[in-house]
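Notes to accompany the following structure.
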Amino acid sequence: MSDPAGLAGQAHDGSDVADATAPDGREAEAVAQADALAKMEDQWRRALADADNVRKRAARDGALLRAQERAAVSLAWLPVLDNLELALEHAPAGAEDPFVEGIDSIRKQAVETLARLGYPRIDAANVPFDPRVHEVVSVVETDDVPPGTLVRVLRPGYGSPDNTLRPAAVVVSRAVTPDRG
């Protein structure tokens with residue numbers, strides 16, 4: 001009987017060893033799976049962040065491209081607008097000619113269209129010089145206005161201080177100095 005008891009004891013001892021090693025194996029496998037899951041979750045979060053960054057960059061690049069194209073087309077139309085204004089300057093003064101009125105209506109429509117596109121007309125005189133929207137073509141000495149004031153606009157500009165399509169060509173005042181000759 002000692003043999004069956006010994007076999008039973010051995011079997012019992014062997015199952016304790018198997019039971020003791022089985023939880024360690026399951027724990028190791030669970031830890032490995034948890035690590036793999038954490039790694040996949042990290043990769044998933046990184047992929048989401050990358051996709052979000054790509055979306056934002058595409059939106060930003062698209063907006064920049066649209067703004068550049070809008071500026072290029074607007075700039076291409078400026079000579080046409082300048083020629084309409086030149087034609088109006090050479091029209092007979094005081095005459096009510098339907099042709100001249102039509103050209104003036106087209107010019108006004110073009111100026112309004114540029115303003116809607118984000119490029120309002122810059123043609124105000126007697127305002128302080130702003131290098132962001134004005135280009136000095138000439139300087140005049142005068143005591144009639146403070147130095148650095150626009151005396152005359154030779155060619156209108158279009159845009160704003162932050163987004164200038166074309167600066168206005170202007171004549172700027174300077175203080176009269178007696179020693180200049």
Side-chain angles (χ1 to χ4, degrees), residues 42-181:
D42 181 57
Q43 289 174 340
W44 173 71
R45 290 185 190 278
R46 289 177 188 263
L48 281 178
D50 287 345
D52 191 45
N53 289 339
V54 167
R55 182 188 55 77
K56 289 177 184 176
R57 185 176 31 240
R60 188 174 51 245
D61 291 349
L64 180 62
L65 183 62
R66 284 188 299 278
Q68 289 172 344
E69 287 301 314
R70 183 175 56 244
V73 170
S74 298
L75 194 58
W77 276 98
L78 284 183
V80 175
L81 182 56
D82 290 340
N83 288 332
L84 288 172
E85 291 177 348
L86 187 60
L88 288 172
E89 286 178 15
H90 288 80
E96 291 192 23
D97 184 2
F99 184 72
V100 173
E101 290 175 8
I103 291 175
D104 189 43
S105 293
I106 293 169
R107 183 198 66 79
K108 288 177 184 175
Q109 184 180 16
V111 170
E112 289 170 3
T113 300
L114 284 174
R116 278 194 314 271
L117 290 172
Y119 304 107
R121 187 176 176 95
I122 305 166
D123 63 352
N126 295 323
V127 296
F129 171 73
D130 184 352
R132 298 174 297 169
V133 294
H134 301 125
E135 176 184 9
V136 177
V137 176
S138 180
V139 178
V140 175
E141 289 185 355
T142 182
D143 286 332
D144 296 339
V145 293
T149 302
L150 274 65
V151 176
R152 184 172 170 217
V153 177
L154 301 175
R155 183 193 70 209
Y158 294 90
S160 63
D162 299 329
N163 188 20
T164 303
L165 184 62
R166 176 179 78 184
V170 297
V171 178
V172 178
S173 67
R174 166 170 68 194
V176 176
T177 54
D179 60 332
R180 291 190 196 207

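Because the structure is a prediction, the values reported are computed rather than measured. Positions are given from 1, in the same order as the sequence printed here.
The structure places CZ of R116 at 7.5 Å from CD of Q109, a figure rounded to the nearest 0.5 Å. R107 CZ to E112 CD: the interatomic distance, rounded to the nearest 0.5 Å, is 9.5 Å. The CD1 atom of I122 sits 11.5 Å away from the CD atom of E135 when rounded to the nearest 0.5 Å. Rounded to the nearest 0.5 Å, atoms CG (L75) and CG (L165) are 5.0 Å apart. Here L154 contributes atom CG and D123 contributes atom CG; the two are 12.0 Å apart, rounded to the nearest 0.5 Å. With rounding to the nearest 0.5 angstrom, the CG atom of L88 is 11.0 Å from the CG atom of N83.
For the pair R166 and P156, the tightest heavy-atom approach, listed with the atom from each and the gap, is NH2-O, 2.8 Å. Residues P146 and S173 share a closest heavy-atom pair of O-OG, 2.6 Å. Of all non-hydrogen atoms in R132 and T164, the two that sit nearest each other are O-OG1, 3.0 Å.
Of the options N126, L150, V140, V172, a side-chain contact (heavy atoms from CB on, under 4.5 Å) to V145 is made by N126 and by none of the others.
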>> Checking V171 against V137 for the side chain to side chain contact (heavy atoms under 4.5 Å, CB included) test, could you report, in this order, the C-alpha distance in whole Å, the side-chain angles of both residues, the deciding distance, and whether it holds?
In response: CA-CA 6 Å; V171 178; V137 176; 5.6 Å; no
>> Using the rule given for side chain to side chain contact (heavy atoms under 4.5 Å, CB included), can you reason through R121 versus L114, listing the C-alpha separation, both sets of side-chain angles and the distance that settles it, and then say yes or no?
In response: CA-CA 8 Å; R121 187 176 176 95; L114 284 174; over 6 Å; no
> How far apart are the C-alpha atoms of K108 and D104, what are their side-chain angles, what is the distance that settles it, and do they pass the salt bridge (Lys or Arg N to Asp or Glu O under 4.0 Å) test?
Replying inline: CA-CA 6 Å; K108 288 177 184 175; D104 189 43; 3.4 Å; yes
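The side-chain heavy atoms of Y158 and V111, taken from C-beta on, include a pair separated by under 4.5 Å. In this structure the side chain of D130 reaches within 4.5 angstrom of the side chain of P161, judged on heavy atoms. The closest side-chain heavy-atom distance from L86 to E89 is below 4.5 Å.
Heavy-atom neighbours of E96 CD from other residues, nucleotides or ligands within 6.0 Å: at or below the threshold of 12.
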Taking distance alone, no hydrogens or angles, what donor-acceptor pairs closer than 3.5 Å link side-chain atoms of residues 56-71 to residues at least two apart or in another chain?
unit_1: K56; atom_1: NZ; unit_2: D52; atom_2: OD2; d: 3.2
unit_1: R66; atom_1: NH1; unit_2: G62; atom_2: O; d: 3.3
unit_1: R70; atom_1: NE; unit_2: L117; atom_2: O; d: 3.2

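Ion pairing between R45 and D42 fails under the 4.0 Å rule for side-chain N and carboxylate O.
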